[in-house]
Amino acid sequence: MPKFLPGVGNTLLLSVLSILLGTVIGLFAVMLRLSKKKPLVMISNFYITIIRGTPLLLQLYFIFFGLPDMGIMIDRFPSAVLGLAIHSGAYISEIFRGSIESIDYGQREAAKALGMTNFQAMKRIILPQAFKRSVPALGNQFIISIKDSSLASVITITETILLARQFAAATFNVFPIYTLAGAYYLLITLGLSKVLNKVELRLKVNER
């Protein structure tokens, strides 16, 4: 079990960085999509369509192996973070969009009646409520992102799955090693689920 710890640490770091960056990308993409400027909407729709319509594995290959052909060199770990973040960002964008559009339009009109600009209304009125409503769906996406981080092994990131493959090849004890790797992923996702449940309960305190 201790020999897995470096890989588990890389899995956690990769997951946290990609989730944070993916959330920023998703929020930026949804702001473009909800804008009234058609070119910005088209850019957001193009990004979401391409990312959701192609496999994450292909996206990782494109960033790590394809971009160098265009003269863009990115190291292994940043490539994995970028690929995972761009992938999750498209789904997080749709989560945010659904949450924002679920807020009653009357609240925007009320904000405008108080003299707020569209940006102020979004920042002070809409986004706080939308974030609260999006927490369950975001939690599911974050858990998916943690499990998707296992694909980083294809670009030789030393995370949990790559170590499991190496240990299994060296010892031929396939079943116990992959079971242990799965147990580590289960512990990580269970821990994240508990944190998200507490956040969700905290955000609902005014409803009780």
Side-chain angles (χ1 to χ4, degrees), residues 4-34 44 47-64 74-100 123 127-164 181-204:
F4 267 101
L5 293 180
V8 174
N10 280 337
T11 295
L12 285 171
L13 181 60
L14 182 61
S15 300
V16 169
L17 293 177
S18 62
I19 286 171
L20 292 176
L21 182 57
T23 302
V24 173
I25 293 173
L27 186 58
F28 181 72
V30 77
M31 290 297 101
L32 294 182
R33 186 163 186 175
L34 295 177
S44 178
Y47 157 67
I48 293 171
T49 301
I50 293 297
I51 296 303
R52 294 177 66 189
T54 56
L56 172 57
L57 184 60
L58 178 63
Q59 295 161 21
L60 289 172
Y61 277 144
F62 178 81
I63 292 173
F64 187 65
I74 305 177
D75 289 338
R76 292 178 301 168
F77 196 84
S79 294
V81 171
L82 184 61
L84 291 169
I86 290 174
H87 182 81
S88 63
Y91 293 91
I92 291 173
S93 172
E94 290 297 278
I95 292 171
F96 280 142
R97 182 178 66 85
S99 300
I100 290 171
K123 178 182 177 182
L127 281 181
Q129 296 181 78
F131 176 76
K132 179 180 175 180
R133 295 185 181 186
S134 66
V135 167
L138 283 175
N140 289 334
Q141 182 58 41
F142 291 166
I143 290 173
I144 291 171
S145 296
I146 290 173
K147 293 184 289 186
D148 282 347
S149 67
S150 62
L151 290 176
S153 62
V154 300
I155 56 174
T156 65
I157 299 294
T158 309
E159 46 74 65
T160 307
I161 291 298
L162 182 60
L163 284 181
Y184 273 118
Y185 277 106
L186 186 60
L187 286 174
I188 294 171
T189 54
L190 286 176
L192 178 60
S193 296
K194 287 185 177 295
V195 171
L196 292 170
N197 287 337
K198 289 183 178 181
V199 171
E200 190 174 352
L201 289 173
R202 178 66 177 173
L203 293 175
K204 287 183 177 180

The reported gap from CG in Leu57 to NE2 in His87 (rounded to nearest 0.5 angstrom) is 10.5 Å

Check the surroundings of atom CZ in Phe131: do more than 12 heavy atoms from other residues, nucleotides or ligands lie under 6.0 Å from it?
-> no

When rounded to the nearest 0.5 angstrom, what is the spacing between OG in Ser88 and CG in Leu21?
-> 7.5 Å

Just do the side chain to side chain contact (heavy atoms under 4.5 Å, CB included) check on Ile155 and Ser79 with the steps written out, would you?
-> CA-CA 9 Å; Ile155 56 174; Ser79 294; 4.3 Å; yes

Has the side chain of Tyr47 got a donor or acceptor atom that lies under 3.5 Å from a matching backbone atom of Ile86?
-> yes

Note, Ile143 side chain near Ser193 side chain (heavy atom, < 4.5 Å) = yes

Calculate, to the nearest 0.5 Å, the distance between atoms CZ and CG belonging to Phe64 and Leu82 respectively.
-> 13.0 Å

Scanning both residues in full, the closest heavy-atom pair of Ala80 with Leu14 reads CB-CD1, 3.7 Å

Locate the shortest heavy-atom distance separating Ser153 from Leu162; write the atom from each residue and the value.
-> CB-CB, 3.8 Å

In plain terms, say whether Glu94 and Arg33 are close enough for a salt bridge, that is, a side-chain N and a carboxylate O under 4.0 Å apart.
-> yes

How long is the span from the CD1 atom in Ile144 to the CD atom in Gln141, to the nearest 0.5 Å?
-> 5.0 Å

Which residues satisfy the ring pair (Phe, Tyr, Trp, His ring centres under 6.0 Å) test with Tyr184, sequence neighbours excluded?
-> Phe4

Might you work through the side chain to side chain contact (heavy atoms under 4.5 Å, CB included) test for Leu127 and Phe96, ending with a clear yes or no?
-> CA-CA 9 Å; Leu127 281 181; Phe96 280 142; over 6 Å; no

Determine, stepwise, if the pair Ser145 / Ser18 fulfils side-chain hydrogen bond (donor to acceptor under 3.5 Å, both in side chains).
-> CA-CA 8 Å; Ser145 296; Ser18 62; 5.7 Å; no

Residues that Ser93 engages under side-chain contact (heavy atoms from CB on, under 4.5 Å), provided they are two or more places apart = Ala29, Val30, Ile48

Which one of Thr189, Leu192, Val16 satisfies the side chain to side chain contact (heavy atoms under 4.5 Å, CB included) criterion with Phe142?
-> Leu192

Separation of Phe77 CZ from Asn10 CG (nearest 0.5 Å) | 6.0 Å

Would Gln59 and Thr54 count as a side-chain hydrogen bond (donor to acceptor under 3.5 Å, both in side chains) if you check the C-alpha gap in whole Å, the side-chain angles of each, and the deciding distance to 0.1 Å?
-> CA-CA 7 Å; Gln59 295 161 21; Thr54 56; 2.9 Å; yes

For Leu84 and Leu60, which heavy atoms make the closest approach, and how far apart are they?
-> N-CD2, 4.3 Å

For side chain to side chain contact (heavy atoms under 4.5 Å, CB included), just list the numbers for Val8 and Ile188, CA-CA rounded to whole Å, side-chain angles, deciding distance to a tenth of an Å, and then say yes or no.
-> CA-CA 9 Å; Val8 174; Ile188 294 171; 4.1 Å; yes

For the student: nearest non-hydrogen atoms of Glu159 and Ser149, plus distance = OE1-O, 3.9 Å

Step by step, would you call Phe28 with Leu32 a side chain to side chain contact (heavy atoms under 4.5 Å, CB included)?
-> CA-CA 6 Å; Phe28 181 72; Leu32 294 182; 3.6 Å; yes

For Pro78 and Asp75, work out which heavy atoms get closest and say how close.
-> CD-O, 3.4 Å

Out of curiosity, Thr23 OG1 to Leu138 CG, how far, rounded to the nearest 0.5 Å?
-> 6.5 Å

Does any non-hydrogen side-chain atom of Asn140 lie less than 4.5 Å from one of Ile95?
-> no

